[in-house]
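This report refers to the structure that appears directly beneath it.
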Amino acid sequence: MAEAKRLVQEAGFEGVSVDLNTSFATTTLADQAALIKEQLNKIGIKVNIKLTANFQDHLNEMLADKFQLTVTGFGASPDPDEFIYKHYHTKGARNYYKFSDPKWDQLAERQRVAVNPEERKKGVKEALAYYPEIVPNAMLYASLNQNIYRNYAHGFGQPVYGPDIHAFYDVYWMEKR
């Protein structure tokens with residue numbers, strides 16, 4: 001805690017007041033915002049929580065750049081493209097953060113068009129290895145879920161874990177036999 005306070009002072013942020021937007025559509029988001037407020041207050045940063053009534057209003061504020069800080073959540077898919085391209089590519093459909101990094105975009109595009117499963121796996125691993133260098137947002141936690149799949153979902157072997165500990169699988173496909 002002392003080191004965090006020192007770094008805040010050194011950066012000139014002690015006493016700064018910021019707005020933290022989220023939605024009370026789920027108690028999880030509101031609880032996370034309260035925890036962040038508590039922790040930042042301890043190191044000298046004042047946080048004002050601004051809650052929206054529903055999650056869509058929250059997303060609309062993000063898309064309109066009407067926030068300083070935000071707590072949001074997004075689900076994961078077994079396909080790493082959900083994380084790599086949709087959320088963080090400059091033109092990603094869910095890039096609510098307006099994150100843009102030319103090298104990341106190149107890595108995202110490369111893994112997205114790989115036809116060979118080994119090439120795709122290599123591309124995903126390269127992107128995930130680069131992620132810690134750019135850190136577009138902070139993952140506070142990831143819930144560990146149990147998934148149930150139909151007997152015609154195949155290929156869920158050893159997972160590759162992303163920076164938010166969501167599991168991405170080498171190859172998967174649907175085939176009724």
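On a predicted model such as this, the values are computed, not experimentally measured, just so you know.
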Who passes side-chain hydrogen bond (donor to acceptor under 3.5 Å, both in side chains) against [X], sequence neighbours left out?
X	value
N41	none
S100	T90
E133	none
E119	none

How many angstroms lie between atom [atom1] of [X] and atom [atom2] of [Y], to the nearest 0.5 angstrom?
X	Y	atom1	atom2	answer
L40	L35	CG	CG	9.5 Å
K86	N95	NZ	CG	13.5 Å
D57	L51	CG	CG	12.0 Å
N116	K121	CG	NZ	11.5 Å
L59	N54	CG	CG	9.0 Å

With sequence neighbours excluded, what pairs up with K37 under the salt bridge (charged side-chain N to carboxylate O under 4.0 Å, His left out) test?
->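 Counting only residues at least two positions away or on another chain, K37 forms no salt bridge (charged side-chain N to carboxylate O under 4.0 Å, His left out).
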For the residue pair Y88 and F83, does the interplanar ring angle fall in the parallel (under 30°), tilted (30 to 60°) or perpendicular (over 60°) class?
-> perpendicular
Does any pair with a residue in residues 109-118 pass salt bridge (Lys or Arg N to Asp or Glu O under 4.0 Å), and if so which ones, sequence neighbours excluded?
-> D81-R112, R110-E126
Among residues two or more places apart or on two chains, list those pairs meeting salt bridge (Lys or Arg N to Asp or Glu O under 4.0 Å) that have a residue in residues 58-71.
->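 For residues 58-71, and leaving out neighbouring residues, the salt bridge (Lys or Arg N to Asp or Glu O under 4.0 Å) pairs sorted by first residue read D65-K98.
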Using a 4.5 Å cut-off on heavy atoms from C-beta on, say whether the side chain of K5 contacts that of V8.
->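 No; the side chains remain at least 4.5 Å from each other.
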Would you kindly confirm whether [X] and [Y] end up in one hydrophobic cluster when ILVMFWY residues are joined by side chain heavy atoms under 4.5 Å apart?
X	Y	result
L20	F13	yes
L7	I36	no
Y130	Y85	no
L63	V71	yes

For V124 and P80, which heavy atoms make the closest approach, and how far apart are they?
->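 Looks like CG2-CG, 3.5 Å.
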Would you be so kind as to tabulate the donor-acceptor pairs closer than 3.5 Å made by side chains of residues 42-50, with sequence neighbours excluded?
unit_1 : atom_1 : unit_2 : atom_2 : d
N48    : ND2    : S17    : OG     : 3.0
N48    : ND2    : D19    : OD1    : 3.4

Restricting to pairs with a member in residues 28-62, which pass ring pair (Phe, Tyr, Trp, His ring centres under 6.0 Å), not counting sequence neighbours?
-> F55-H58
All side-chain contact (heavy atoms from CB on, under 4.5 Å) counterparts of Q9, not counting sequence neighbours = E14
Kindly write out the residues that satisfy side-chain contact (heavy atoms from CB on, under 4.5 Å) with A127, not counting sequence neighbours, or none if the list is empty.
-> I84, W104, L107
